[in-house]
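In what follows, a single structure is set out as structure tokens and then discussed.
For the numbers below, each heavy atom of this structure counts, side chains included, while hydrogens, waters and symmetry mates do not. Computed from a prediction, not measured in an experiment: that's the story for all the values here.
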Amino acid sequence: MSSTAAASPDVPAPAAEPQRRTGAEMIWEVLEQEGVEVVFGYPGGAIMPAYDALPRYRVRHVLVRHEQGAAHMADGYARASGRVGVAVATSGPGATNLVTGIATAMLDSVPCVFITGQVSSHLIGSDAFQETDVTGVTLPITKHNWLVTRPEDVGPVLREAFHVARTGRPGPVLVDVTKDAQQGSCDFDPADRRLARVPHRRPERGGTADALDRAAALIDHAERPLILAGHGIVQAGAAAELLAFVERTGAPVASTLLGLGGFPATHPRALGMMGMHGEAWVNRAVQEADLLIALGMRFDDRVTGNLKTYAPRARKIHVDLDSSEIGKNVAVDLAIIGDVKQVLAELTPRCKPSTRATWIARIEAEKGDAAVRDIQRLPDTGKLFAAHVIHDLWRLTEGKAVVVTDVGQHQMWEAQYYKHDHARGLVTSGGLGTMGFALPAAIGARFARPDDEVWVIAGDGGFQMTAAELSTCAQEGLKVNVAIINNGYLGMVRQWQEMFYGGRYVATPMRSPDFVKLAEAHGLTGLRVTRRAEVADAVAAARRAPGTVVIDFRVEQEDSVYPMVPTGADLGEMIRRPAPSPIVETARDSDEDEVPR
């Protein structure tokens, strides 16, 4: 993976003499110095001194309805902008409520700074009210964390926290500040940018000339090369370098889920997503390739399938910023440790121009069979399928929206049917697969991209986990459009139950509230769609409305995501949509009580 962060912004010349500041004041002063414009948080006892100091600073605070929402908002802000996201919480339950969001950011290498209050230092270890060892809790899910017990350490530690979050392979950090460190004071010099040292930072290295020459030779001699573009392309801002590399070498591009948008989906060399729910022709291309060029990706199990049979004909080049990822899952023939943006810039001119016409024609032939089974080619029988909703949303927004998804079937359909041509156009939880991510992450994305259209695509299950953040949208006057793919089930679990557990739908039929009335209860607009013919009008109405709009799309209940590679199976062993009758139609009309309860 690669760094995304820009250097700290220039700061006006400070006063000649250091000034007295409390630890609470220094928190916000450092955030201002780091260019932070918005934080997401929830106050409480151990963080109250910091909140009391906040009005004196130019940092906007967004009051969330649950600290998990604050963590996802900071995450969504960072993913959509490439800057560091910030969330604030109190001690004990406030801090532990951040944990799922911190882990989400960690597994997807998202730069965030989490600031928590802690009980006063003399109470630590006494089981004081709302005391939790949050640095111990979060040690495995942060790049680094700190417990600050003195006001003198607040500034240096926070500056170091931002540096660690944004440099090298990005990721979340946590700074736990005791209440007495917030209340105490010391001399503070804004011009003093010294950091609290972290002793085990890995150096960043680029590819050596020898490694680059060897990589170019492998690429030039390959007949069936395939690029695997991961999240590192997006994080590094390497989209232009990847495009130049593809246009010189002629190699087609398969993307991971988090890599979507790093290469334009409408480019002739873009194949689509690989892996468990990737396109059939993409997975076949992986298995038939004689060279894989993995760029900023970690060979996750959802990408590879059975490791023993993964890409058996291919030699493998792996470019990654983090040396610990090399050889962790898949043995490679050539590793280049370095920033993928820099590596591509140096590698491209070393490669010979090529069209790879024979290889491309072979892949195109594979597409023909899959196209027959594509749901988009089915006749409109009046029923509403999730894939139709997402395809229409892509068409109606011209593919220009920032789409934030939750986790489940709708997430995979979005990856298949909403074509992303621009980096940071898809915000989704990959490694942790966090349900409830979408709505709060979209709020973060809204602040990061105030001039862009933002859509949530969520399932009825995941949406309910953080639906309270609709009130955050209302209080902040935010414009976010929410598409709920409502099938009355925990859809992906139901699909697995259908395919691998004898159709026993245990604990997956789900009763939901009336989402239209729920939106209205929050002071927002709610709409309901039951037929495909209604989709365009609903989307247009949502786009026209000044505030947040929730659309309840009542889709077919027992639809499944195809293709699917079962866990542990060979990548080529895909369960594919039956043809010519790809879907068993289920009886469901527009009555809102027809969802199984």
Side-chain angles (χ1 to χ4, degrees), residues 3-41 43 46-62 70 74 77-78 81-90 111-118 120-121 142-168 170 172-199 201 447-448:
S3 173
T4 59
S8 300
D10 292 334
V11 179
E17 297 293 331
Q19 298 180 6
R20 202 76 178 169
R21 294 283 189 274
T22 65
E25 291 170 328
M26 284 185 281
I27 290 173
W28 304 113
E29 196 140 344
V30 170
L31 263 58
E32 281 191 349
Q33 291 175 359
E34 295 291 338
V36 175
E37 298 174 344
V38 60
V39 301
F40 309 93
I47 197 68
M48 283 181 67
Y51 271 84
D52 187 57
L54 174 60
R56 298 192 286 279
Y57 294 89
R58 300 183 304 275
V59 177
R60 179 172 180 176
H61 180 271
V62 175
Y77 178 93
S81 67
R83 300 189 293 275
V84 178
V86 181
V88 181
T90 192
C112 295
V113 172
F114 296 95
I115 302 170
T116 52
Q118 182 56 275
S120 291
S121 54
T142 53
K143 281 187 71 177
H144 197 77
N145 63 27
W146 296 260
L147 172 62
V148 180
T149 61
R150 306 187 314 151
E152 293 86 351
D153 296 328
V154 171
V157 167
L158 274 174
R159 285 190 287 266
E160 179 72 8
F162 278 88
H163 180 75
V164 172
R166 61 163 62 107
T167 56
V173 299
L174 180 137
V175 180
D176 195 33
V177 188
T178 61
K179 193 169 185 177
D180 54 326
Q182 298 172 54
Q183 293 170 322
S185 61
C186 65
D187 287 340
F188 177 74
D189 182 357
D192 183 357
R193 297 303 182 87
R194 287 177 295 176
L195 309 177
R197 293 289 89 191
V198 175
R201 189 178 301 127
F447 281 99

Query raised in the report: Under the side chain to side chain contact (heavy atoms under 4.5 Å, CB included) criterion, do F162 and V86 qualify, and how do the steps go?
Result: CA-CA 10 Å; F162 278 88; V86 181; 3.9 Å; yes
Query raised in the report: Does any non-hydrogen side-chain atom of V30 lie less than 4.5 Å from one of F188?
Result: yes
Query raised in the report: Of all heavy-atom pairs between P18 and D187, which one has the smallest distance, and what is that distance?
Result: CB-CB, 4.2 Å
Report task. With the side chain counted from C-beta on, respond yes when E25 and Q19 share a heavy-atom pair under 4.5 Å apart, and no when they do not. Result -> no
Query - Atom pair CD (E160) and CG (D153), whose distance is rounded to the nearest 0.5 Å - result: 12.0 Å
**Report entry** Nearest non-hydrogen partners of V59 and E32, listed with the distance
**Finding:** CG2-CG, 3.9 Å
Requested in this report: Check for a donor-acceptor pair, side chain of Q183 on one end and backbone N or O of P49 on the other, with a separation under 3.5 Å.
Outcome: no
**Report entry** Distance in Å, E29 CD paired with M26 CE, rounded so as to fall on 0.5 Å steps
**Finding:** 9.0 Å
Query raised in the report: Once you round to the nearest 0.5 Å, how far does CH2 of W28 lie from CD of Q33?
Result: 14.5 Å
Query raised in the report: Distance from M48 atom CE to L54 atom CG, nearest 0.5 Å?
Result: 13.0 Å
Query - Gap between atom CD of E37 and atom OH of Y77 - 0.5 Å precision - result: 5.0 Å
Query raised in the report: Taking only residues two or more places apart in sequence or in another chain, which ones pass side-chain hydrogen bond (donor to acceptor under 3.5 Å, both in side chains) with T178?
Result: D180
**Report entry** Minimal non-hydrogen separation, A87 against A70, with atom names
**Finding:** CB-O, 3.7 Å
Query raised in the report: Taking all atoms of both residues into account, what is the closest heavy-atom pair of P111 and A165, and its distance?
Result: CB-O, 3.3 Å
Query raised in the report: I47 and G117: which non-hydrogen atoms are nearest, and at how many Å?
Result: CD1-N, 3.6 Å
Query raised in the report: Rounded to the nearest 0.5 Å, how far does CD1 of I27 lie from OH of Y51?
Result: 10.5 Å
Report task. Among T116, L174, V173, find the residue that satisfies the side-chain contact (heavy atoms from CB on, under 4.5 Å) test when tested with N145. Result -> L174
Requested in this report: Flag the pair T142 / F114 as yes when at least one side-chain heavy-atom distance between them is below 4.5 Å, and no otherwise.
Outcome: no
Report task. For E152, check side-chain contact (heavy atoms from CB on, under 4.5 Å) against everything at least two apart and list the hits. Result -> R150, C186
Query raised in the report: Take atom CZ in R20; do more than 12 heavy atoms of anything else shown fall under 6.0 Å from it?
Result: yes
Requested in this report: For residues Q182 and V177, report the shortest heavy-atom separation together with the two atoms involved.
Outcome: NE2-O, 3.1 Å
Requested in this report: Give a yes or no on whether the backbone of D176 and the side-chain of Q118 come within a donor-acceptor separation of less than 3.5 Å.
Outcome: no
**Report entry** Pairing residues for R159 by the side-chain hydrogen bond (donor to acceptor under 3.5 Å, both in side chains) criterion, not counting sequence neighbours
**Finding:** none
